[in-house]
Amino acid sequence: MPVSRLFELTDRVALVTGGSSGIGLAIAEALADAGAKLILVARREPELASAVAGLENKGYKAVALPCDLSDREALKSCAGRASAFFGAPDILVNAAGINIRKPFPELLDEDWDATLAINLAAPFFLIKHLAPAMAERRWGRIINIASLQSVRAFNNSGPYGTSKGGIVQLTRASAEYWSQFGVTCNAIAPGFFNTPLTAPVFNDPARAAALAAQTMMGRNGELQDLHGAAVFLASDASAYITGQTLFVDGGFSAK
């Protein structure tokens, strides 16, 4: 196969959670540009509709599938309905996430429960529901979104860091089982990107500049920096890579 074709996603179907904004939408656009048809999943319907309209205006095929990712029955229903648009998903991107920023003593039970439900349980159950059909076709790609906090701690992010540590192990555990059926599972661990989730960081210019200075490249991430990694892990180019976490962080984690 020519090298250029290794990265093609023509006729592939990608379901992307958190696809209405931020990292999820950036990855969705990259996959669409490589040829994939998109199913965007998120809770807020107006934002989903806006994201789909923006993608369609660029000539991409995309639909919205609203879902409360913290609700396990809703997740099961969402997975069951996903194939109605373009066929069963070939690619699953678990990008939805929340970060409740409080000092450890101020965290409530519901803060913990909400974070783990969306950041860790939802990816697990979507893999559980969608991977079997991928395995039947002997081809599938699962991409989880990890974090710098998968490997180190930041203040006021206890539940978030815990969930992202779990994502790395979920990636390995999923790869251990599903890879034998041609379904790979890998994770992308972004550094600091300006998204709705990281608004509290980027609203403080001094803090954002300090974080940029901690990278080897001297800058924080731009969303297009994620495009190549996402297409690589979603395509045939990464056919013999599974169970891995790729840090896209300008060298932050290596410094």
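Heavy-atom basis, side chains included; hydrogens, waters and symmetry copies ignored.
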At what distance, to the nearest 0.5 angstrom, does [atom1] of [X] lie from [atom2] of [Y]?
X: Phe192; Y: Arg219; atom1: CZ; atom2: CZ; result: 15.0 Å
X: Asn186; Y: Thr245; atom1: CG; atom2: OG1; result: 7.5 Å
X: Gln180; Y: Thr242; atom1: CD; atom2: OG1; result: 11.0 Å
X: Thr184; Y: Gln244; atom1: OG1; atom2: CD; result: 10.5 Å
X: Asp249; Y: Ile188; atom1: CG; atom2: CD1; result: 12.0 Å
X: Leu130; Y: Cys78; atom1: CG; atom2: SG; result: 7.5 Å

Would you find more than 12 non-hydrogen atoms of other residues, nucleotides or ligands less than 6.0 Å from [X] atom [atom1]?
X: Asn203; atom1: CG; result: yes
X: Arg137; atom1: CZ; result: yes
X: Glu45; atom1: CD; result: no
X: Lys102; atom1: NZ; result: yes

For the student: nearest non-hydrogen atoms of [X] and [Y], plus distance:
X: Ala36; Y: Ala14; value: CB-CB, 4.4 Å
X: Ala82; Y: Ile39; value: O-CD1, 3.3 Å
X: Ala96; Y: Asn119; value: O-OD1, 4.2 Å
X: Ser174; Y: Cys185; value: CB-SG, 3.7 Å
X: Arg101; Y: Pro200; value: NE-CG, 3.7 Å
X: Ala122; Y: Ile118; value: CB-O, 3.5 Å

Aromatic ring pairing Phe252/Phe154, orientation class (parallel under 30°, perpendicular over 60°, tilted between): tilted
[X] side chain vs [Y] backbone, donor-acceptor pair below 3.5 Å:
X: Ser20; Y: Ala51; answer: no
X: Thr17; Y: Val41; answer: no
X: Asp90; Y: Val13; answer: yes
X: Asn220; Y: Asn194; answer: no
X: Lys164; Y: Ile145; answer: yes
X: Thr198; Y: Phe193; answer: yes
X: Thr115; Y: Asp111; answer: yes

Within one Ile-Leu-Val-Met-Phe-Trp-Tyr cluster: [X] and [Y], side-chain cutoff 4.5 Å:
X: Leu170; Y: Ile98; result: no
X: Phe86; Y: Val52; result: no
X: Leu107; Y: Leu116; result: no
X: Leu211; Y: Val151; result: yes
X: Val93; Y: Val168; result: no

Close side-chain approach of [X] to [Y], heavy-atom, < 4.5 Å:
X: Leu226; Y: Pro190; value: yes
X: Leu75; Y: Leu126; value: yes
X: Asn94; Y: Ile127; value: yes
X: Leu148; Y: Phe247; value: yes
X: Trp139; Y: Ile91; value: yes
X: Glu29; Y: Leu223; value: no
X: Leu55; Y: Leu25; value: yes
X: Leu9; Y: Arg141; value: no

Salt bridge Lys76-Asp71, side-chain N to carboxylate O under 4.0 Å: no
Verify whether one side chain among Ser77 and Arg81 offers a donor that lies under 3.5 Å from an acceptor in the other. yes
Dump the intermediate steps for side-chain contact (heavy atoms from CB on, under 4.5 Å) on Asp33 and Tyr60, then the final yes or no. CA-CA 7 Å; Asp33 198 51; Tyr60 303 135; 2.8 Å; yes
Assess the residue pair Asn99 and Gln149 against the criterion (side-chain contact (heavy atoms from CB on, under 4.5 Å)); give the C-alpha distance rounded to whole Å, side-chain angles, the decisive distance to 0.1 Å, and a yes or no. CA-CA 11 Å; Asn99 187 358; Gln149 293 196 56; 4.2 Å; yes
